Amino acid sequence: MSPNINPLVLFFASIFTSNILLSNFLGMCSFISISKNLKSSNGLGMAVAMVMTVTTALNWIVEKYIIIPFQIEYLRYIIYIIVIAAVVQILEMLIDRISPNLYISLGIFLPLITVNCAILGVALFMQLRNYTLLQSVFFGLGSGLGWWLAIVLLGAIRMKVDKAPVPAPLKGVGITLITIGIMAMAFMGFAGMINVQ
Amino acid sequence: MGKKYKEVFLKNTWYENPVFVLVLGICSTLAVTNNLKNTLIMTIGVMLVTGFSNLTVSLLKNLIPSKVRMMTQVLIISFYVIIVDIILRAYLPDVSKALGPYVGLIITNCIIMGRAEAFAQSNDPIISFWDGITSGLGYMIVLVAIAFFRELLGFGTIFGYRVMPENFVNWTIMIMPPSAFFMLAIFIWIVKGFKKEGAK
Amino acid sequence: MKEKKLYTIIFTFVVSFVFVLILSYINFLTYDKIVENQKFSKISAVLNSMGIEYKDEKDALEIFNSTVKEIELGGLKFYVSTVNGEKVYAYVFSGNGLWGTINGVICVNENVDRIIGIDIISHNETPGLGGRIEENWFKNQFKNEKIKGEIKLVNTQELGDKDKDNSSVDAITGATLTSKFFIQIVNNSLAEIRKALRGE
């Protein structure tokens, strides 16, 4: 049974109140290493948002028409990750053909995405929570945009923080984590704004 | 021979600990660190998966065509993660329920992939297995330490048993996601501070 | 070059085939166990909500088969049993949580003026936050709670609302929305049960 939740509510909730990165910690690896630079943060964020939307919808279709009819639930993880890898490959080729300019700014990030936990995470959440296709698309898009927003914000903050005097052992990763923590707290404040239902 | 094993052990648990030196692989597990039991089981899962996938990658390293190397590694990792998932579901249904999708997310844990690429690809099977297990161990130490403090301060319990006095006011922030970031930052701060002292 | 391509394809096929074969075998081995676990989780939830104690899985199944009856009343399916000389009705509910469907069992007395107990079968809330609806302190708040109109949500500083006559339960810190949804599900099911049992 699918839960009766308005897709739009889901969309906003997954951007703000339950940001996949700040409340579920998904996609941390590339988040920390890439956010050093604002420009690449933006590129990676965009790529993640795009791949996430497409793969969530595709995985929903695969789940419904392949995994469930053939009763191969136990192979779910492998199938999802193959779908994600395939989408990333195809997207890479497509972007290369259509817009070489975009490829230069986006292309290098695409291979990184296959092993981005957030993408697989969103697909798994979507399956576990039994969303409908429409809900899944909004959930995927919302989570992707939320991730994008978070990494751009962090990228911008880090540019300043990296120049600030902080205790030596805390420099780099340490202060970044504290920044993320404060960001996560700020995002929690959105909970009052979007009262689901 | 034994020296090499010791070297790998020390490197993975302390000098180049994947979590506080490289900040890898915290995605899947950080979310469950407000509960010690879940964290322990998750990290044991990660440890086993890292060990065995390292072993398998190392065994197959000469057979894997370079074009599908990444794909094969992902396949091997997913294979072990699914086994862990099935075992949890069959024998520890409560834990499996509590962890939900996070077990599946072990697949995308960067440490496993990283170790397979960096170590197993160019080393013998047995030492690769050892490398995987110790990397997992280093990971476990950090996350269990974080979980220990989060559960202690957030709920006043350890493994679900109440240890704090009855009038202890729970630190709500410790239960919430942001505290995981703060705890990890503090952890890194302390460890790096220590290392600096040692270097002097 | 052509040979290499062929090798890549064959290799990928063979590896995938072997892994999938092993996985399906493991899945086959544990399939019965997993189905049994699922069945058991429902039975144990019904027994827990009634406050009937059991030692292990087998014991639970025996008690369930000997003391609990399934009946249909007013279009709803109830599990009926007698506890301490009082007839109790358990009803399996399902409703929207913050993230997905919450399934559980609520047990009431014959007049529907007291909740006997509540248990959760499955949910998809965030582990450690909304997922805490599964924890005993939260569920125990409902035990013997008087039903006056609707069950309300309060915020106490302690863990759980101890007053059994005020028809209120404590919200989960950090998961107010999940708590709100859960209370709504409880109130909806109570309304349905009242309609079925008392014809209101």
Side-chain angles (χ1 to χ4, degrees), chain B residues 31-35 38-39 42 56 60 63-69 71-73 75-76 78-83 85-102 147 150-151 154-157 160 162 166-180, chain C residues 3-41 44 57 99-100 103 120-132 134-137 155 157-159 172-176:
Chain B
V32 294
T33 49
N34 58 9
N35 182 312
N38 291 350
T39 312
M42 266 300 272
T56 320
L60 293 174
L63 294 170
I64 303 176
S66 59
K67 251 204 176 118
V68 288
R69 200 182 69 226
M71 208 55 235
T72 316
Q73 283 171 359
L75 198 70
I76 291 167
S78 332
F79 170 74
Y80 286 111
V81 171
I82 292 176
I83 292 181
D85 187 46
I86 290 177
I87 290 172
L88 280 184
R89 225 180 278 195
Y91 300 102
L92 291 167
D94 292 340
V95 177
S96 165
K97 229 165 54 181
L99 292 177
Y102 290 104
R150 282 187 77 187
E151 190 176 325
F155 296 115
T157 59
R162 183 137 198 116
E166 211 41 58
N167 57 1
F168 171 76
V169 178
N170 292 334
W171 298 16
T172 306
I173 185 72
M174 279 297 164
I175 310 169
M176 318 281 260
S179 70
Chain C
E3 217 178 85
K4 223 175 164 190
K5 234 178 212 161
L6 194 68
Y7 174 72
T8 308
I9 293 170
I10 292 173
F11 176 84
T12 317
F13 264 102
V14 170
V15 168
S16 318
F17 184 75
V18 171
F19 281 162
V20 168
L21 201 72
I22 299 173
L23 281 181
S24 26
Y25 184 65
I26 295 176
N27 184 57
F28 170 74
L29 282 183
T30 54
Y31 185 74
D32 292 338
K33 182 93 186 140
I34 290 172
V35 170
E36 209 174 276
N37 281 340
Q38 278 162 356
K39 213 170 110 197
F40 171 69
S41 76
S44 67
E57 231 166 284
W99 290 110
N103 294 305
I120 313 284
I121 301 175
S122 69
H123 70 87
N124 298 314
E125 304 307 307
T126 322
L129 291 171
R132 296 180 67 207
E134 251 191 337
E135 288 176 13
N136 282 331
W137 69 267
N155 276 308
Q157 287 306 309
E158 291 156 46
L159 202 59
I172 300 169
T173 326
T176 319

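We name chains A, B, ... by the order of the sequence lines, and we start the count at 1 in each one. Please read all numbers here as calculations on a predicted model, not as lab measurements.
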OG1/C/T8 to CD1/B/I64 distance, rounded to the nearest 0.5 angstrom?
11.5 Å
For B/I87, which atoms come within 4.5 Å of any heavy atom of chain C: side chain, backbone, both, or neither?
neither
Most contacts with chain C, counted as non-hydrogen pairs under 4.5 angstrom, among B/L60, B/T33, B/I76:
B/I76
Among C/L23, C/I26, C/N27, whose side-chain contact (heavy atoms from CB on, under 4.5 Å) with B/I82 holds?
C/L23
Smallest heavy-atom separation, C/N37 atom then B/A90 atom, equals ND2-O, 2.8 Å
Under 4.5 Å from any heavy atom of chain B - which part of C/F11:
side chain
Is C/Y7 close to B/L63 at the side-chain level, that is, under 4.5 Å between some pair of heavy atoms?
yes
Atom CD1 in C/I34, atom CD1 in B/I86: separation rounded to 0.5 Å?
6.5 Å
Side chain, backbone, both or neither: which part of C/I9 has a heavy atom under 4.5 Å from chain B?
neither
Give the minimum heavy-atom separation between C/F19 and B/F79, together with the two atoms involved.
O-CE1, 3.7 Å
Holding to side chain to side chain contact (heavy atoms under 4.5 Å, CB included), I want the full list of residues that pass it with C/V14, two or more places apart in sequence or in another chain.
C/I10, C/V18
